[in-house]
Amino acid sequence: MTLRIWTAIMAASVVLPLSAAKATDLEVTHWWTSGGEAAAVAEFAKAFDATGNKWIDGAIAGSGGTARPIMVSRITGGDPMGATQFNHGRQAEELVQAGLMRDLTDVATKEKWKEIIRPATLLDGCTIDGKIYCAPVNIHSWQWLWLSNDAFKKAGVEAPKNWDEFVAAAPALEKAGIVPLAIGGQAWQASGLFDVLVISLGGKDFYEKVYSAKDADTINGPDMARIFKAADDARRMSKGTNVQDWNQATNMVITGKAGGQIMGDWAQGEFQLAGKKAGTDYACLPGLGVNEYITTGGDAFYFPLLKDEAKSQAQAVLASTLLNPKTQVAFNLKKGSLPVRGDVDLNAANDCMKKGLDILAKGNVLKSTDELLSADIQKQKEDLFAEFFSSSMSPQDAQKRFASIIASAD
Amino acid sequence: MTGQTIARRPNQLFRNLNAKIASIPMILTAVVIFLGGTLWTVVYSFTNSKLLPRLSFVGLDQYERLWAATRWTVSITNLAIYGVLTLIFSLVIGFLLAALMDQKIRFENTFRTIFLYPFALSFIVTGLVWQWILNPEFGIQSVVRALGWTSFTFDPLYNADIVIYGILIAGLWQGTGLVMCLMLAGLRGIDGEIWKAARVDGIPTWKTYLFIVIPMMRAVFVTTLVIIASGIVRVYDLVVAQTSGGPGIASEVPAKYVYDYMFQAQNLGQGFAASTMMLVTVAIIIVPWAYLEFGGKKRG
């Protein structure tokens, strides 16, 4: 009897992997857990399931800061998932160098990623030593100023068209009991806002000198002092925000309690959820209405190196599914981000998204700080600006400390 | 003859063999995981390990950077304030509550349950509850303002100067119940005859507590102290839930620095250096005290 059972088990163990080769389960980890994000990622799951494989959703709640350590420890700890989200750039750099990630060059060559992915710099973020290690899925840009038309009407001033007008309108807003600029308490928000000031008020060359060339003269120079002066203005205008999360700050703009917020295009999802219309209820100023450049940060999927042959094949299928034109449109419309390929049709996009697409088409794109700086430097920068925005640190001191952080960058 | 001697005096190594074998797993755990892990951490704190540990030594660089970082100094200061005040307040409040509870009051069980109840909640829940209570828009401030005192301001979590006290309140609320219970157990352990004798001698109650009962409760105090102190050093989740270190970096604590730099900043070396400093701080306080308490000449 036992022998027969054993035979059955042995037989099953042989048969199972064969049948599994057709429908491979692939666990995909990501940190997209808010309403709009979950709806967007469901599009990926649907498309992947349609290929005959199965998407096992491994959503990790909390932001990237919470999720990334879990992902990294699973990969380094020998329990890799099928695929995982990272922001492309330097977050997964060491994992790739340690040989823990799968080389996607074969898929990329076959699917001609080099030709379809726009802007081309996006793929650079995935390329290490000439090999491609990740599949970019969307473009998120930080350089947006979201304005509440109601708030400005209530304060009796015209809605600003650029940063200087916004600063000038601040006293009127304050008089009407409105916080001019909402900034949530989380450190990354302050740090991101500062980068927006650098690129929007300083321009393309300046931004590249600071973060790419890390030129000490520029960083200590008068132009940088001007940026810190603007950060000082922003700090003054944000007094009384008293919220932590970015979407709570966005909510202040939606309800007219705050005049504006500098936040990435993901804030747009919140406006849409609240049923607000771009143009009438809220306005958006890419590049703060000064220099219309956007950085092409975003999300990408990385594929850990797996021993299982069937799973490796499924990884290749998933990589090409993510970049499929149909999936791209479905995903990005729900996510509020821009697709990574230029040959897809985005008629359903709203005014603000179209502005973004225009800038993209003009080629006014730059690498994001995620790509230019290591996680270590980013963290120190976050600490600095978290402190700056909540204390009375002088702009000069902040500039000095900023300079020393960038000087230590590797 | 010699054979008999050997049989009578067995090798020390094999005495209580069963007990020794049984404790091998724990000894291994202690040596390999605690001691080994600690040594490993200390060694790697002298390297420039980033996301993955690697042995390329950079001397004291990580420590120099650590002590130059404002965030670390803020963290240490916060821990010192939080630690000292938690120690004082939870011992004083805990003892007072226990002494009151010991007056043979009615519904003692009910009160005891109420006071101990917060301890059943995790720091995360405690932190969130107090985040709401101290939030100026929903909490105490808005309630008092709704009652008519419109200029009332109480927003410790949004004021960088006093934020650590907002965390302290939550910590005390959570932990004092346990201290009370330990103290109450200690008080119950005091022989009733001593109270009678003190009363016969006409010693006032407060003096009996202060000069007779408390010295007799030495062992309970030591236990409580260890429990409170270990809670202080690893305070992390309370801060994360309540303020996530904000506003700015005003309520950062060392444990959070370690976590953030090890995992978010992907700089293991810096995180290890910070955790080594935490270990050193604890050692500086614990070692002399433990030496006085347990070492030296044995007490009878």
Side-chain angles (χ1 to χ4, degrees), chain A residues 62-73 75-76 90-100 183-190 235 239-245 248 257 373-393 397 401 404-405 408 410, chain B residues 48-54 58 61-62 64-66 68-75 124 128 131-132 134-139 141-142 153 155 157-161 163 240-252 256-271:
Chain A
S63 59
T66 315
R68 278 193 296 272
I70 300 173
M71 295 164 174
V72 169
S73 68
I75 296 169
T76 54
R90 302 185 58 178
Q91 284 169 357
E93 193 179 66
E94 275 199 63
L95 292 174
V96 171
Q97 282 162 357
L100 292 165
I183 305 177
Q186 292 163 336
W188 61 270
Q189 296 180 43
R235 174 168 67 177
K239 280 271 162 343
T241 307
N242 280 6
V243 293
Q244 283 290 322
D245 296 336
Q248 290 173 320
K257 278 187 201 152
L373 302 173
S374 69
D376 189 22
I377 298 295
Q378 285 276 58
K379 185 78 206 162
Q380 292 179 62
K381 195 157 95 15
E382 278 178 15
D383 286 350
L384 170 64
F385 287 108
E387 190 185 349
F388 179 78
F389 276 95
S390 69
S391 67
S392 52
M393 189 197 295
D397 287 351
R401 282 178 52 187
S404 76
I405 290 173
S408 72
D410 45 4
Chain B
N48 64 357
S49 304
K50 290 284 182 193
L51 177 64
L52 305 168
R54 58 164 176 245
V58 291
D61 282 9
Q62 299 286 10
E64 274 164 26
R65 181 177 144 188
L66 181 70
T70 327
R71 183 172 158 184
W72 176 252
T73 17
V74 169
S75 302
I124 294 287
L128 284 176
Q131 188 192 24
W132 289 332
L134 298 177
N135 186 306
E137 320 245 317
F138 319 109
Q141 179 176 315
S142 82
T153 310
D155 55 348
L157 297 189
Y158 293 95
N159 183 339
D161 298 326
V163 63
V240 170
Q242 243 185 313
T243 63
S244 30
I249 56 167
S251 61
E252 292 289 349
K256 189 160 175 291
Y257 186 95
V258 172
Y259 177 84
D260 284 359
Y261 273 89
M262 273 169 78
F263 299 112
Q264 289 185 0
Q266 304 182 347
N267 189 339
L268 287 180
Q270 183 67 18

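Here is the naming used below: chain letters follow the sequence lines, and residue numbers restart at 1 for every chain.
For chain B, the option among Arg401(A), Arg68(A), Gln378(A) with the highest count of heavy-atom pairs below 4.5 Å is Arg401(A). Looking only at heavy-atom pairs under 4.5 Å with chain B, the residue among Ser374(A), Ala375(A), Ser408(A), Ser73(A) that has the most is Ala375(A).
In this structure, Thr241(A) and Gln248(A) have side chains that are not in contact, with every pair of non-hydrogen atoms separated by 4.5 Å or more. Proximity of Asn135(B) to Tyr158(B): side-chain heavy atoms (C-beta onward) are separated by under 4.5 Å at one or more points.
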Practice prompt. Carefully, step by step, assess Gln186(A) and Asp245(A) under the rule side chain to side chain donor-acceptor pair (under 3.5 Å).
Written response: CA-CA 6 Å; Gln186(A) 292 163 336; Asp245(A) 296 336; 2.8 Å; yes

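Of the two parts of Ile377(A), neither the backbone nor the side chain holds a non-hydrogen atom closer than 4.5 Å to a non-hydrogen atom of chain B. For chain B, the nearby parts of Gln380(A) are the backbone and the side chain; heavy atoms of each come within less than 4.5 Å.
Among residues 382-391 of chain A, the residues having any heavy atom closer than 4.5 Å to a heavy atom of chain B are, in sequence order, Asp383(A), Ala386(A), Glu387(A), Ser390(A).
Residues satisfying the salt bridge (charged side-chain N to carboxylate O under 4.0 Å, His left out) test with Lys257(A), not counting sequence neighbours, are none. When the salt bridge (charged side-chain N to carboxylate O under 4.0 Å, His left out) test is applied to Asp376(A), the partners found at least two apart in sequence or on another chain are Lys50(B), Arg65(B). By the ring pair (Phe, Tyr, Trp, His ring centres under 6.0 Å) test, Phe263(B) pairs with Tyr259(B), sequence neighbours left out.
Between the Gln62(B) side chain and the Gly271(B) main chain, no donor and acceptor come within less than 3.5 Å of each other.
Closest of all the heavy-atom pairs between Ala265(B) and Lys379(A) is CB-CB, 3.5 Å.
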